[in-house]
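Being a predicted model, the structure only gives us computed values, none of them experimental. Each ligand, and each atom within it, is numbered from 1 in the order the structure gives.
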Amino acid sequence: MSDLLQAVGGEGFKPFDLSNPAQYAKGNTPMMSKAACYINGTWVTSKRTDKTIEVEDPCTNQVIGVIAHFGKEETLAAIAAAKTAFESWKKVLPNERAAAVRRWGELMTQAAEGMGTILSRESGKVFAEGKGEVIYSASFGDWYAGEAERIYGDVISGPHLGTQATVYREPIGVVGLITPWNFPAAMITRAACAAIAAGCTVVLKPAQLTPFSALVLAQLAGEAGIPAGVFNVVTGESASIGSALVESFDIRKISFTGSTRVGKQLYQGSAETMKKLGLELGGNAPYLVFEDADLPRAADDLIAAKFRNSGQTCISVNRALVQSSIYDEFTKLVADRVKALKVGNSFDPSAKIGAVIGKPTVDHMAKVVEDAVAKGAKVEVGGHAVPGAGYFFEPTVLSNVPHDTALCCREELFGPVLPMVRFDTEEEGVRMANDTRAGLAGYFSTSDYRRQFRVAHALQFGMIGCNDSAMSAACIPFGGVKESGLGRDGSKYGIEPFTDCKYVLFSTV
Ligand code: SIN
């Protein structure tokens, strides 16, 4: 253990009591019994600084706890611990690594009520989504346990007589993981389970707005038997932790989910040490509705993909593009359904839409609505911030939105505003859908099977939903093209990026 860090709480210390979820659902019970980070299998504070950061509930503006304010020095200590742990973890048999990540996932499932409560509280999600995210997070444990045992190499005929070429896949080393607030647990486990299953070790910097889920994951990692130093969590000063991860040669890969702007900075910063990068960045997802679609079903799919997590997902629908002949009928169908969506606190069982993460999002939604209206759009539903405590914005539908000029079509929204745009022909709809530098997800609804193939091929996105918009799962390759990033998370494609390819030439004579 680094001299800079001191253990807190004694052996077996658990800062979260996951057996009693109700205590975290409301009021002032601090989420964590002590502001500490998890480094080298131990809960630690720093001798350098005792500063802490307050974390707020976006539904009530109440402070729900404090986290440790670590910086560069503490991050370097975590990297050193992960580097040491890598030397032994990479030699552990795949079936033992598999057992550890599977157990980690099982513990998440068992703790789904408690962890879902903490996750909902810090993110403002409705509890059904918070608990659902914990189950989704757990599924990566099971999935990558399977993949851990299926990392294959190759044997190739040698390049000249009397040789054999062998290709091994070896774990890449220590991985720096930087994750967002919109999915405080799932964006961690989808990369961390892959990395750990492959034999890597991890230093995680979770989002400062939603750190408690990450720290719960650390507690469960310890309980699952993931050895000391394999999974480390550092909270605190984002820029210092981020630059320590980027500048360190010992970090051999950065896995980042977040904005395109920060992704580009990480890409540039990683050049100096030639790190590998996994980047899952912003989107601007279109949803095309063709005149031959099953309209009620398309409306349900569109609304699910738009308003999940209050519109704050990278694959949220950003723009609905609707064929002119059905535009009025479909817009009314959508508007009527959206009117019925209740906004409310995470623990109000009748609420379908929770809070957004903060005031800047509320202000931004108001700004894009105002911009669209000034350019000729009409507000069909919503359009305003919800007065009172917390950060809420009404689920909003805008019609007659000018696609080429309205901000809500040009940029990623990340909030509960749905612009509805007209198009005439399939060619025009596809051209509008592709008119973005983002390329994460796109969706369309049609009942014509030939059009299903044509449009699926023509859309320039890493993920396409055709007559189904619920595309996230551990078994699928999640990721984008163009400025939406590099690499894939989940599926068989998600583990290989945590390995390096090593070619060995054997002489057989
Ligand atoms: C994201 O918003 O980046 C991911 C959402 C998901 O996994 O569905």
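Side chain to side chain, E56 and N61 meet the donor-acceptor criterion of an N or O pair below 3.5 Å. A donor atom on one side chain and an acceptor atom on the other are not found under 3.5 Å apart for R437 and T260.
At the top of the distance list for atom 3 (O) of ligand 1, counting protein heavy atoms only, stands E280 OE1, 2.8 Å. The nearest protein atom to atom 2 (O) of ligand 1, hydrogens excluded, is given as C314 N, 2.8 Å; this is a heavy-atom distance. At the top of the distance list for atom 7 (O) of ligand 1, counting protein heavy atoms only, stands Y136 OH, 2.7 Å. The protein heavy-atom contact nearest to atom 6 (C) of ligand 1 is S472 OG, 3.3 Å. Summary of contacts: the protein heavy atom closest to atom 5 (C) of ligand 1 is F183 CE1, 3.5 Å.
Looking at N318, T405, D435, N284 one by one, the single match for side-chain hydrogen bond (donor to acceptor under 3.5 Å, both in side chains) with R410 turns out to be D435.
No N or O atom of R190 sits closer than 3.5 Å to an N or O atom of ligand 1. Looking at T313 next to ligand 1, no N or O pair under 3.5 Å apart turns up. Annotation: Q312 places no N or O atom under 3.5 Å from an N or O atom of ligand 1; distance criterion only. Remark: ligand 1 and T257 share no N or O pair separated by less than 3.5 Å (distance only, no angle test).
A donor-acceptor distance shorter than 3.5 angstrom exists from the side chain of K275 to the backbone of V246, with no hydrogens or angles considered. The backbone N or O of G282 sits less than 3.5 Å from a side-chain atom of S484, completing a donor-acceptor pair.
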TODO: Tell me, with the steps shown, if F423 and F290 meet ring pair (Phe, Tyr, Trp, His ring centres under 6.0 Å).
DONE: CA-CA 9 Å; F423 68 89; F290 291 99; 5.5 Å; yes

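Near N182, the atoms of ligand 1 lying under 4.0 angstrom from a non-hydrogen atom of the residue are 1 (C), 2 (O). Every atom of ligand 1 is numbered from 1 in the order shown, and the set under 4.0 Å from a heavy atom of I315 is 8 (O). Taking every non-hydrogen atom of R308 and a distance limit under 4.0 Å, the qualifying atoms of ligand 1 come out as 6 (C), 8 (O).
For the pair K205 and F256, the NZ or CZ position fails the cation-pi test of under 6.0 Å to the six-membered ring centre and within 45 degrees of the ring normal.
A heavy-atom separation below 4.0 Å is found between M187 and ligand 1.
Ring geometry for Y136 versus F140: interplanar angle of 30 to 60°, hence tilted. Using a 30° and 60° split on the angle between ring planes, Y287 and Y443 fall in the parallel class, below 30°.
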